[in-house]
Amino acid sequence: MKTHDGISLVTGPVQKMAMTNFVSTLCLVLLCSAIFLGSSTLAAAQDSGLDGTYILDQADSDNVNEVIEDAAGKLNFLTRDIARGRLRKLNPAYRQVVITSSPNEISVTVDNQQPLRTPAKGAPVAWVGPDGEKVKASMQVAGRRLAQTFTSADGRRVNDYTLSSDGRKLTMKVTETSPQLSQTITYKQVYRRVS
């Protein structure tokens with residue numbers, strides 16, 4: 001081993017092997033750390049906190065039938081009954097909401113209906129609504145919010161889901177517009193997390 005100004009220089013085969021092992025171990029530790037941190041960052045980005053099962057809290061929710069009666073009552077008597085029936089089909093009070101998401105897809109299942117699955121980036125898909133009509137549906141997550149949009153020739157509905165800061169309460173604010181309605185319909189449904 002040579003010294004230069006009091007500093008040891010590695011020159012022998014044992015010292016070179018020790019240095020090679022040290023560098024290899026250091027590289028392996030850095031590589032593993034990068035993989036772990038990268039995967040945990042990706043998981044955090046995917047997990048909006050919305051995924052779960054929620055049950056309707058009727059006491060905290062608006063009465064959908066009252067909202068429908070108010071909107072239908074403002075229409076002329078010839079279209080009132082037709083509008084009332086259609087609005088009831090389009091606005092059932094869902095008892096259960098299940099949300100699951102991945103980097104590529106968002107899925108929302110209400111009650112015992114087939115799940116609505118859309119691309120996570122908000123691209124619309126063809127879907128059949130609760131009244132049997134074909135609509136374009138899209139969903140997008142932003143933080144603790146999920147925007148669900150349904151568009152048809154008759155109008156547009158947006159379900160804006162917002163998760164409370166403690167993650168226990170999911171509020172769905174519904175906004176429905178249509179050329180056949182004299183006013184925009186808005187109401188909220190509140191759900192409590194069960195899983």
Side-chain angles (χ1 to χ4, degrees), residues 37-68 70-71 87-131 133-179 181 183-195:
L37 291 174
S39 64
S40 65
T41 303
L42 179 61
Q46 292 171 5
D47 183 17
S48 64
L50 286 163
D51 287 14
T53 301
Y54 304 88
I55 300 295
L56 180 66
D57 181 340
Q58 277 188 300
D60 252 2
S61 299
D62 291 340
N63 184 323
V64 179
N65 285 328
E66 287 178 5
V67 173
I68 290 170
D70 182 52
L87 287 170
R88 284 194 178 138
K89 281 184 181 179
L90 287 170
N91 295 281
Y94 300 122
R95 303 285 174 214
Q96 177 178 285
V97 175
V98 179
I99 299 172
T100 57
S101 62
S102 72
N104 299 321
E105 184 180 79
I106 302 168
S107 174
V108 175
T109 307
V110 292
D111 295 337
N112 295 320
Q113 294 183 18
Q114 289 295 316
L116 168 60
R117 292 186 176 98
T118 69
K121 302 288 185 193
V125 297
W127 189 67
V128 177
D131 63 342
E133 296 294 319
K134 292 181 181 177
V135 299
K136 291 286 187 186
S138 65
M139 294 189 279
Q140 203 162 15
V141 173
R144 299 173 84 78
R145 289 184 57 213
L146 166 64
Q148 194 178 47
T149 305
F150 303 93
T151 309
S152 72
D154 290 341
R156 182 173 185 215
R157 174 178 167 143
V158 176
N159 296 340
D160 189 2
Y161 294 94
T162 305
L163 187 64
S164 63
S165 57
D166 64 5
R168 294 181 181 173
K169 180 172 81 169
L170 183 71
T171 302
M172 178 181 72
K173 182 182 175 193
V174 176
T175 306
E176 200 165 334
T177 56
S178 172
L181 294 172
Q183 67 183 44
T184 299
I185 294 176
T186 59
Y187 62 90
K188 73 175 168 90
Q189 298 284 270
V190 177
Y191 297 87
R192 303 290 172 185
R193 184 190 290 273
V194 294
S195 70

Self-check item: Under the side-chain hydrogen bond (donor to acceptor under 3.5 Å, both in side chains) test, residues paired with Asn112 that sit two or more places apart
Solution: none
Quiz prompt | CZ on Arg156 to OG1 on Thr177, rounded to 0.5 Å | solution = 7.0 Å
Quiz item: Can any side-chain N or O of Thr149 pair as donor or acceptor with the backbone N or O of Ser138 at less than 3.5 Å?
Solution: no
Quiz item: Which residues satisfy the side chain to side chain contact (heavy atoms under 4.5 Å, CB included) test with Asn104, sequence neighbours excluded?
Solution: Ser102
Practice problem: Please step through side-chain contact (heavy atoms from CB on, under 4.5 Å) for the pair Val135 and Arg157, ending with a clear verdict. | Solution: CA-CA 10 Å; Val135 299; Arg157 174 178 167 143; over 6 Å; no
Self-check item: With Arg145 via side-chain hydrogen bond (donor to acceptor under 3.5 Å, both in side chains) - residues at least two apart
Solution: Asp160
Exercise. Decide yes or no for Val97 and Met172: does some side-chain heavy atom of the first lie under 4.5 Å from some side-chain heavy atom of the second?
Key: no
Quiz item: Taking the side chain as C-beta and beyond, is there a heavy-atom pair between Asp70 and Gln183 under 4.5 Å?
Solution: yes
Exercise. Working to the nearest 0.5 Å, report the span between CD of Gln140 and OG of Ser101.
Key: 12.5 Å
Quiz item: Atom CG in Leu56, atom CG in Leu170: separation rounded to 0.5 Å?
Solution: 11.0 Å
Practice problem: Please report the closest heavy-atom contact between Pro103 and Ala120, naming both atoms and the distance. | Solution: O-CB, 3.5 Å
Exercise. Step by step, work out the side-chain contact (heavy atoms from CB on, under 4.5 Å) result for Ile68 and Arg88.
Key: CA-CA 7 Å; Ile68 290 170; Arg88 284 194 178 138; 3.9 Å; yes
Donor-acceptor pairs are to be reported for all side-chain atoms of residues 185-195 against protein atoms at under 3.5 Å, with residues two or more places apart or in another chain.
{"unit_1": "Tyr187", "atom_1": "OH", "unit_2": "Asn91", "atom_2": "OD1", "d": "2.8"}
{"unit_1": "Lys188", "atom_1": "NZ", "unit_2": "Asp60", "atom_2": "O", "d": "2.8"}
{"unit_1": "Gln189", "atom_1": "NE2", "unit_2": "Asp62", "atom_2": "O", "d": "3.1"}
{"unit_1": "Tyr191", "atom_1": "OH", "unit_2": "Tyr94", "atom_2": "O", "d": "3.0"}
{"unit_1": "Arg192", "atom_1": "NE", "unit_2": "Asp57", "atom_2": "OD2", "d": "2.9"}
{"unit_1": "Arg192", "atom_1": "NH2", "unit_2": "Asp57", "atom_2": "OD2", "d": "3.1"}
{"unit_1": "Arg192", "atom_1": "NH2", "unit_2": "Asp60", "atom_2": "OD2", "d": "2.7"}
{"unit_1": "Arg193", "atom_1": "NE", "unit_2": "Gly167", "atom_2": "O", "d": "2.6"}
{"unit_1": "Arg193", "atom_1": "NH1", "unit_2": "Asp51", "atom_2": "O", "d": "2.9"}
{"unit_1": "Arg193", "atom_1": "NH1", "unit_2": "Ser195", "atom_2": "O", "d": "3.4"}
{"unit_1": "Arg193", "atom_1": "NH2", "unit_2": "Gly49", "atom_2": "O", "d": "2.7"}
{"unit_1": "Arg193", "atom_1": "NH2", "unit_2": "Tyr54", "atom_2": "OH", "d": "3.0"}
{"unit_1": "Arg193", "atom_1": "NH2", "unit_2": "Gly167", "atom_2": "O", "d": "3.3"}
{"unit_1": "Ser195", "atom_1": "OG", "unit_2": "Thr53", "atom_2": "OG1", "d": "3.2"}

Self-check item: Reported CG-to-OG distance for the pair Leu90 and Ser152, which is rounded to 0.5 angstrom
Solution: 8.0 Å
Exercise. Could you grab the distance from atom CG of Leu50 to atom OG1 of Thr100, nearest 0.5 Å is fine?
Key: 11.0 Å
Quiz item: Backbone N or O of Asn65 within a donor-acceptor pair of the Asn63 side chain at under 3.5 Å?
Solution: yes
Quiz item: Which pairs pass ring-ring contact (aromatic ring centres under 6.0 Å, His included) with one or both residues in residues 139-174, sequence neighbours excluded?
Solution: Trp127-Phe150
Quiz item: Do the side chains of Leu87 and Glu176 get nearer than 4.5 Å, heavy atoms only?
Solution: yes
Exercise. Only pairs at least two apart or in different chains count here, so list each salt bridge (Lys or Arg N to Asp or Glu O under 4.0 Å) that has a residue in residues 91-110.
Key: Glu105-Arg117
Self-check item: Backbone N/O of Lys169 and side chain of Ser164: donor-acceptor pair under 3.5 Å
Solution: yes
Self-check item: OG on Ser165 to CZ on Arg144, rounded to 0.5 Å
Solution: 6.5 Å
